[in-house]
Amino acid sequence: MKTITMPSFGADMEQGKVAEWNIKPGDTVHRGDIIATIETMKGLIDMEVFDDGIVEQLLVQAGSEVPVGEPIATLRLLGEVAVETPQIKTTPVEKSEKPSTPLYANNEADYTTPVSTPPSETTAAISTQPHLETAQQAISLISPAARYQAEQQGFDWRTLPMGTGPNGAIVLADIQRYFQAEKSDLNATTPVKKHTHIEHDENEQKMRQAIAAVVSQSKREIPHYYLNQDISLTHALQWLQHYNETQPPESRLLINALIYCAIAKALQKFPTFNGFFQNNRFQPAEQVHLGNAINLRQGGLMVAAIHNAATLTPVTMMEKLKDQVIRAREGHLTMSEMQDATVTISNLGDRGSDAILGVIFPPQVALIGVGRVREVAWVENHIIKPVTIVSMSLAADHRVTDGHDGARLLSKINKLLQKPEQLT
Amino acid sequence: MNHTEQLTYREAMREAIREAMQQDPSVFLMGEDVGHYGGCYAVSKGLLQEFGESRIVDTPLSESGFVGAGIGAAMGGMRPIVEVMTVNFSLLALDQIVNNAATLRHMSGGQLGVPLVIRMATGSGKQLAAQHSHSLENWYAHVPGIKVLAPATIADARYMLAMALVDPDPVLIFEHVMLYNRKEAVPKADDCPAMDQAVVRQQGSDITLVSYGGSLFKTLAAAEALTEQKISAEVIDLRSLRPLDTQTLFSSVNKTHRLLVVDEGWRTGSLAGEICALVAEHCFWALDAPPQRVCSQEVPIPYPKHLEIAATPQVEHIVTTAKQIVYR
Amino acid sequence: MTAANTKPHINKTHLHFLLKQMVRIRRFEEKCAELYMQEKIRGFLHLYIGEEAVAVGVMKVLQEDDAVVATYREHGHALAKGLSMDEVMAEMFGKVTGSSRGRGGSMHIFDASKRFYGGNAIVAGALPMAVGLALADKMQNRNRVTVCFFGEGAAAEGEFHESLNLAKLWSLPVLFVCENNLYAMGTALSISESEQHIFKKAQSYGLAAVEVDGMNVVDVEAAAQKCCTAIRQGEGPHLIECHTYRFRGHSMFDTQLYRSPEEVSTWQQKGPILQLKQWLEHNGKLDEVEWQQIEVEVQQEIEQAVAFAEQSEFEPASELCRDVYLESA
């Protein structure tokens, strides 16, 4: 038996609300299934299950606010024998040998003898029972055409809410509407939008409070130091232009893909910037899970982890970025994405800022800021020439590293961006 | 013949037979009541007087015998057109068609061929009950070695026979009983596509309606009703049930993303099922809705009109199902 | 075999019965033609007019539990076998009160309780079925006769030959009755058979086979009596070829290009009802009052049947898929 508790999606999360259950007692679940949607102050987050098993009980109803760590459901792991719970007992026993004896005849428990059913048989009966309704709920329905289109556009359709097809299936028209809405950008009323304005305002307020708590903690506890380096993108852009010439529009790369790859690979070489400072000591992370700070349309921001970022090529990085932005804005990031970041990138370039000196997201120990990609007068070998550059900054935790280390990290990023072909 | 002339399906088929017999002395027509009676559906009326008993051959009720004789005559250098009165009666000749006509080329290692055309009436709509109303085209379309045509339009009735006669292998032509009285102007022969090509009878963008034979006009009527409801349906007339023109089929489904097949055969094991399977195999990623079928109910065709209608595809079923598929 | 068994009792009552049965069929068929033109009856309609003596003559010698297997021209056989005019007419109207709940129509009249096995519209398709019914009787030691009616056109089909061979091979209690009306639809026997005597084909398989004047009900009855008696005594299958003629087209939609009006008229002079009526009148066994009484009674029966069919209900379309398999309890 496994007890499923209200998950923590971040150090700052104290409680969550079960917005929706996707399961019911008796359902078979598999590792990775989304079993519930949890409403946090940051918005809705899908909750995964990490085991294969059969749902025994839901301990809280949808709509309940539950502190982090409190049990919300119980799961019978595969291979386990069913425990006689009150719920199972009240299920009418169909195999009654005396069908003429009504089960509701009286309250004397010894009269109806459901106990005579061997436990193994009970298990079999439950585990083989089909749960068609739930199957429909658990599987996001999408037409092949819609799915293909979504994948062509490079985003994960699983993040979309109900579609307009039968049983809420996402159909081609939903995808097309979605992309039209994307084009008109800040037009806030996309057809796939889920929340009402009132909920929206409440969520915004909660998120503001959460951000306030995190940055206050950060500035209170973390002794930041800051470095900045301007990096020429001449080579990177040449490579990019060359690459994109051979690609259809939907497969073309943006410079950010290269920059993020360079950052991830540099961090792998400098593990002291990639990890957590907890209980007065630094613990480096094994992998670089690049936290991508995403500003949300409705206000606020969210950090979504790009897992194993150092192993990605610019192409796969591009796919991840596209996908994640869309899902984050729809409130459909997975739990692991919300929790796993080992370091954060903040990119305000597309908002026009030349550089950013950021606030570290505890318990992480570094934040890389990416400024606006811009053309400047650049002096190289005594010659002034126009060059496209980006200002790369580092905010780091002085308890873990010194400025010297930080400078080497930025320098490494610079070097990698001068040889973009090596990033692939 | 004046090409702007209006002909019935029956007359078009008769013209086709007449033309073939005029052009090629090895062509002859054989079958039950094709001569003195004038054809059960009056297709061959008058031909006996024109061509004589040696080329318009009335046969005894011996389907297995005269279809087999047609096979032999074809192997022996003739170009027989064998008329079997209805598809239900063709079952008495199933052995000859499936075990002989379809196999001889292959089992002789390519030495022999059976350039035979077999025509037969098919389908329901005339209250002929459970032994005269069925659509068994798909049984034949299942069999490699024969080709199966289902002309629906007057033009196809007029010109497909000639293409079938040119074909070196056995060709079965199914004539739906409800088509014989339809009347249309006949276009020029050159405008008639090859016999193995499907034809888009109506262009559309929201859903592909696939049909053939007697169901074509119900499907076109349904497409018209759908247009009024702002649903743009593309209508494909298969024309050839074997081989199937999958290219036309797939490119339409890739465009509309939705498929509905209208087939008077029973649903289970139907040609419609085969088409859905092909589309699922080849156009899976283009599909925006599950492919659907409107077929006959799983019941022998009953005699009373209202039950016959209930048992077979009708315009209203097609419209309703199409609307479900486009989810509007 | 005694003489009493082979020779029908030719008395007035008996002959009046035969006459009335034929008139019932004749008037019924005429009514059907009328109703067909009013679109009350649809599908194919094949009328028995002219051939009544065959069904009436044969059926007279059958016992209740003898089986009859007929063709798509079977209204006369159904009435002669004892099906009510009501249920046959309702069937043709497609009403739920019809003998086959309206599902079969004109060509598919069945009544299991009367051991009337259709109503079969594939030429020669029912001959093997008759062989099987007889086989079942033999295997279960039931002394019953299965009578199988078919047209001469069926003799061209393989199933005719296969059935005769099996029936004789296994010595089965079947009486094959060939209604030779000279045309298979529009194809004359003369252009479709090399050996035009059907009874001779049967003889070649070893069956006891005879030919009779199918326009003479007494001759038909006598031949049937003789054959059935032999069959009941275990002498195996028999065949009677009845020379007859249909006065109307093959079905309602038949321009009859294949035969001349003179030919039809010649045969009409030998019509079975006309023949018997004239003989009875000539021998003082039928007066005008008696004749009128037959006509009136038959007319009333038909009117009642039409009213019954008219008033009966159509089966709701929601019932469409019943009777494809046995409904489970």
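As the structure is a computational prediction, the values presented were derived from the model and not from experiment. When reading the values below, keep in mind they use all heavy atoms of this one structure, side chains included, and skip hydrogens, waters and symmetry mates. A note on names: the letters A, B, ... follow the listed sequences, proteins ahead of strands, and every chain is numbered from 1.
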S.K.: Check the surroundings of atom CD in C:Glu313: do more than 12 heavy atoms from other residues, nucleotides or ligands lie under 6.0 Å from it?
M.R.: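 At most 12 heavy atoms, drawn from other residues, nucleotides or ligands, come within 6.0 Å of this atom.
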S.K.: Is there a side-chain contact between B:Asp33 and C:His250 in this structure, where contact means two heavy atoms from C-beta onward sitting under 4.5 Å apart?
M.R.: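 No, side chains not in contact.
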S.K.: What heavy-atom pair brings B:Leu128 and C:Met107 nearest, and what distance separates the two atoms?
M.R.: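 The pair with the smallest heavy-atom distance is O-CE, 3.2 Å.
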S.K.: Just one of B:Asp58, B:Val34, B:Leu61, B:Thr59 clears the side chain to side chain contact (heavy atoms under 4.5 Å, CB included) bar with C:Thr187, so which one?
M.R.: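 Going through the options one by one, the only one that passes is B:Asp58.
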S.K.: So which heavy atom on B:Ala129 is nearest to which on C:Gly104, and how close?
M.R.: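 Looks like CB-O, 3.4 Å.
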S.K.: Of the listed residues (C:Arg322, C:Glu315, C:Glu193, C:Glu159), which shares the most heavy-atom pairs with chain B below a 4.5 Å separation?
M.R.: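 Highest number of pairs under 4.5 Å: C:Glu315.
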S.K.: Return the NE2 to NE2 distance between B:His132 and C:His108, rounded to the nearest 0.5 Å.
M.R.: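 Reported to 0.5 Å precision, the distance equals 7.0 Å.
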S.K.: Give a yes or no on this: more than 12 heavy atoms of other residues, nucleotides or ligands lie within 6.0 Å of atom NZ of B:Lys45.
M.R.: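 No, NZ of B:Lys45 has 12 or fewer neighbouring heavy atoms, counting only those of other groups under 6.0 Å.
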S.K.: For C:Lys40, does the NZ atom sit with more than 12 other heavy atoms under 6.0 Å from it, leaving out its own atoms?
M.R.: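 No, NZ of C:Lys40 has 12 or fewer neighbouring heavy atoms, counting only those of other groups under 6.0 Å.
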S.K.: Of the listed residues (C:Ala124, C:Gly158, C:Pro316, C:Ser192), which shares the most heavy-atom pairs with chain B below a 4.5 Å separation?
M.R.: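 Result: the option with the highest number of such pairs is C:Ser192.
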S.K.: Short question: side chain of B:Gln131, backbone of C:Ala121 - any donor-acceptor pair under 3.5 Å?
M.R.: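 Yes.
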S.K.: Other residues, nucleotides and ligands only: do more than 12 of their heavy atoms fall within 6.0 Å of NE2 on B:His306?
M.R.: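 Atom NE2 in B:His306 is packed in, count exceeds 12.
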S.K.: For residues B:Ser62 and C:Glu157, report the shortest heavy-atom separation together with the two atoms involved.
M.R.: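 The answer is CA-OE1, 3.7 Å.
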S.K.: Are the side chain of B:Tyr303 and the backbone N or O of C:Met92 linked by a donor-acceptor pair below 3.5 Å?
M.R.: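 At least one qualifying donor-acceptor pair exists.
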S.K.: Between atom CZ of C:Arg42 and atom CD of B:Glu308, what is the distance when rounded to the nearest 0.5 Å?
M.R.: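 Answer rounded to 0.5 Å: 11.5 Å.
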S.K.: Please flag which part of C:Phe93 lies under 4.5 Å from any non-hydrogen atom of chain B: side chain, backbone, both or neither.
M.R.: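 Just its backbone gets close to chain B.
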S.K.: Answer with side chain, backbone, both or neither: which region of C:Asp254 has an atom nearer than 4.5 Å to a non-hydrogen atom of chain B?
M.R.: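 It is both, since atoms from each part get that close.
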S.K.: For B:Tyr41, is it the side chain, the backbone, both or neither that has a heavy atom under 4.5 Å from a heavy atom of chain C?
M.R.: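 The side chain, not the backbone.
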S.K.: Check whether any side-chain heavy atom of B:Cys40 sits under 4.5 Å from a side-chain heavy atom of C:Met185, and report yes or no.
M.R.: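 The answer is yes; the side chains approach within 4.5 Å.
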S.K.: Can you tell which part of C:Ile41 gets under 4.5 Å to a heavy atom of chain B, answering side chain, backbone, both or neither?
M.R.: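 For C:Ile41, backbone and side chain are both near chain B.
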S.K.: Give a yes or no on whether B:Glu316 atom CD has more than 12 heavy-atom contacts from other residues, nucleotides or ligands under 6.0 Å away.
M.R.: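 Count not over threshold, so no.
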S.K.: Quick check: closest heavy atoms across B:Gln297 and C:Leu320, and the distance to 0.1 Å?
M.R.: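 Minimum heavy-atom separation between B:Gln297 and C:Leu320: CG-CD2, 3.4 Å.
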S.K.: Please classify the contact between B:Ala130 and chain C as side chain, backbone, both or neither, with a heavy-atom cut-off of under 4.5 Å.
M.R.: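 Only the backbone of B:Ala130 comes within 4.5 Å of chain C.
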S.K.: Looking at every non-hydrogen atom in both residues, tell me the closest pair between B:Tyr37 and C:Leu257 and how far apart they are.
M.R.: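 Smallest interatomic distance, heavy atoms only, reads O-CD1, 3.9 Å.
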S.K.: Side chain, backbone, both or neither: which part of B:Glu53 has an atom under 4.5 Å from a heavy atom of chain C?
M.R.: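 Answer is neither: B:Glu53 stays 4.5 Å or more from chain C.
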S.K.: Where on C:Phe253 is there a heavy atom nearer than 4.5 Å to chain B: the side chain, the backbone, both, or neither?
M.R.: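 Backbone only.
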S.K.: Go through B:Leu92, B:Leu48, B:Asn88 and name the one with the most non-hydrogen pairs under 4.5 angstrom from chain C.
M.R.: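 Result: the option with the highest number of such pairs is B:Leu92.
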